[in-house]
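In what follows, chains are A, B, ... by sequence order, proteins preceding strands, each numbered from 1.
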Number of protein chains: 2
Amino acid sequence: MQTAPLHAKPVPAASPLLAGSNPAQALLLTENAALTNGPPLLFQRLTAKEREEVLREGQKRVVYRGKMLFSQGTPHDGIFLIESGRIRVFYIAPSGREITLAYWSAGNFVGGPELFGQGQHVWSGVAATNSVVVHLTGKTLRRLIAQIPGFAIGLIEGLTFKGKCYSALAQMLGTRSVTERLAHLLIHLADTYGVKEEGAIAIGSAFTHADLAHMVGATRQWVTISLKRLQEQGVLKAEKAKIVVYDLDALHVMRGDR
Amino acid sequence: MQTAPLHAKPVPAASPLLAGSNPAQALLLTENAALTNGPPLLFQRLTAKEREEVLREGQKRVVYRGKMLFSQGTPHDGIFLIESGRIRVFYIAPSGREITLAYWSAGNFVGGPELFGQGQHVWSGVAATNSVVVHLTGKTLRRLIAQIPGFAIGLIEGLTFKGKCYSALAQMLGTRSVTERLAHLLIHLADTYGVKEEGAIAIGSAFTHADLAHMVGATRQWVTISLKRLQEQGVLKAEKAKIVVYDLDALHVMRGDR
DNA sequence: GCGGAGGTGTCGATTAGTTGCCTCCTTTGC
DNA sequence: GCAAAGGAGGCAACTAATCGACACCTCCGC
């Protein structure tokens with residue numbers, strides 16, 4: 001997730017959102033599987049025609065990896081609908097400590113919890129991969145809500161969903177130890193990105209220790225130490241940019257649900 | 001905040017909500033003053049007639065101090081509108097650790113983040129004082145939303161507001177130390193319940209150390225220690241059921257905003 | 001091939017925060 | 001009036017997690 005220069009990949013011409021069939025995901029720290037498996041897609045309830053209309057109203061923007069989409073403290077105006085790529089939403093405290101709320105994929109929108117603006121962003125958003133987003137201003141949103149009933153419902157569903165995400169994160173951070181949170185995250189990663197590999201599950205995602213640390217709300221070093229400890233216990237094996245989980249059940253025990 | 005038996009106070013006959021003029025508050029751990037000063041009241045946008053209609057549709061319920069209003073894990077159906085009293089919304093992890101989201105007063109509703117049900121409660125709600133609530137089921141909510149436009153907007157505002165609360169809490173828990181969080185809370189308490197007293201501010205609220213601990217996400221003992229430390233520094237003086245703050249500025253420094 | 005940047009592993013010191021236990025003070029019930 | 005119960009507060013031992021620093025490794029651009 002470094003911000004190193006990348007060969008700018010060509011931006012796809014046709015919007016995948018028009019098809020309305022992408023397996024949208026949200027990657028975040030939670031114990032509620034329902035939250036991460038099926039975030040409600042904003043476009044799900046719309047006809048092809050309505051989808052086109054929404055996209056026409058918005059302003060398409062290409063965001064390269066490492067570039068900021070919006071920043072905490074800056075004025076808020078509307079939302080960003082993700083067409084492709086992955087957006088990391090995070091917050092940095094005055095002290096420099098950082099917490100990642102979630103990684104959002106195509107079909108979701110970011111830039112909440114407010115919809116119409118009139119405030120400031122409380123989170124920041126950065127492109128975790130080269131991404132394409134559609135910016136819908138507060139003004140445009142009002143118009144679309146009035147015009148397309150399904151769009152309004154989709155937005156409310158989206159807001160409700162985000163509410164659940166925030167609240168799940170707060171619960172995790174408030175009541176679970178870092179170790180438990182890490183176990184949670186690993187189970188979730190295994191679920192989402194895991195590939196079965198002769199009895200074990202390989203997580204091939206390119207998350208650095210720092211990325212994981214931000215997701216569980218801990219320091220990079222502590223994640224390194226914890227992973228090493230888990231490795232010594234035979235629960236998993238950490239190779240570079242790849243984690244192989246041998247004993248998923250042990251993680252569940254650690255998490256506190258078995 | 002103990003659940004000791006209380007002499008049941010008479011329940012007021014007329015609903016204060018009909019007047020639509022109570023100074024509603026939400027007590028929670030956040031750095032955003034706007035969040036706590038003015039939570040949007042559900043009834044603010046309604047005419048007296050509409051208010052009556054909503055109250056007629058709901059089922060009134062008296063909840064005595066210490067009694068549960070809803071519990072995490074139980075099926076969710078609709079929301080509870082607070083007519084009088086104070087409801088504490090909290091979560092208990094399997095390990096027994098507990099975190100308080102907020103204390104909500106008259107004019108607010110609890111039982112989110114979902115509106116219509118079809119899920120389970122993720123938080124629990126308990127009466128912190130003898131309270132009167134109006135239960136609006138998911139079905140009733142749908143009807144009211146369709147009938148009264150202002151009610152729908154009020155609900156969306158409420159949801160958005162709750163989203164901000166959750167997200168503020170997550171940010172606090174993820175990036176601030178317990179000490180900083182306690183400073184936050186004390187400032188906020190001084191703001192809300194504080195009474196000026198010859199240069200100092202007296203917080204007379206009957207919050208126990210355990211209550212404070214649950215609000216900042218720490219143990220009762222650590223709050224005791226921290227308060228004692230602050231007392232040694234001359235920042236405040238903790239008497240029983242009363243905290244006198246001498247040096248509010250020191251708390252601000254501790255919080256990291258000066 | 002060299003230098004830089006970013007990621008990882010590790011160590012030691014320190015602190016933040018927890019756990020368990022104990023005492024004191026109120027309240028309640030008889 | 002007194003015993004029992006339970007909450008509130010305090011002390012001490014312990015551990016979880018942070019902080020800062022540094023060495024190493026690998027990938028990448030030049």
Any ion pair linking Glu83(B) and Arg61(B) (charged N to carboxylate O, less than 4.0 Å)? no
Starting from P on dG7(C), measure out to CG on Leu227(A) and report it in whole angstrom. 16 Å
Under 4.0 Å: is that the gap between some side-chain N or O of Lys228(A) and OP1 or OP2 of dT10(C)? yes
Please determine if a side-chain N or O atom of His209(A) lies less than 4.0 Å away from the OP1 or OP2 oxygen of dG7(C). no
Rounded to whole Å, CZ of Arg176(B) lies from P of dG17(C) at a distance of 13 Å
In whole Å, I'd like the distance from the CH2 atom of Trp222(A) to the C1' atom of dT8(C). 17 Å
Once you round it to whole Å, what is the distance between P of dT18(D) and CZ of Arg181(A)? 8 Å
Tell me the interatomic distance from Ile225(A), atom CD1, to dA16(D), atom P, rounded to whole angstroms. 12 Å
Restricting to non-hydrogen atoms, name the atom on Ala127(B) and the atom on Ile87(B) that form the minimum distance, rounded to 0.1 Å. CA-CD1, 4.1 Å
Nearest-angstrom distance from the residue atom CG of Leu212(B) to P of dG9(D): 9 Å
Which of dG17(C), dC11(D), dT10(C) is nearest the side chain of Thr224(A)? It is dT10(C)
Could you pick out which residue, Arg229(B) or Gln221(B), lies toward the 5' side of DNA chain C when each is mapped onto its nearest nucleotide? Arg229(B)
Using a 4.0 Å heavy-atom cut-off, does Ala210(B) contact any base of the nucleic acid, only the sugar-phosphate backbone, or nothing at all? nothing
Could you state the atom-to-atom distance from CG of Leu230(A) to C1' of dG9(C) in whole Å? 16 Å
Restricting to non-hydrogen atoms, name the atom on His209(B) and the atom on Thr224(B) that form the minimum distance, rounded to 0.1 Å. ND1-OG1, 2.9 Å
Taken to the nearest whole Å, CZ/Arg65(A) to C1'/dC28(D) is 13 Å
Using the ring of each side chain (for Trp, its six-membered ring), is Tyr103(A) parallel, tilted or perpendicular to Phe207(A), with breaks at 30° and 60°? perpendicular
With a cut-off of less than 4.0 Å, is there a side-chain N or O of Thr219(A) near OP1 or OP2 of dT18(D)? yes
Between Trp123(A) and Tyr91(A), how do the two ring planes meet: parallel, tilted or perpendicular, split at 30° and 60°? perpendicular
So what does Arg97(A) touch, heavy atoms closer than 4.0 Å: a base, only the sugar-phosphate, or nothing? sugar-phosphate
Could you check Thr179(A) against Arg220(A) and say which one's nearest nucleotide on DNA chain D is further toward the 5' end? Thr179(A)
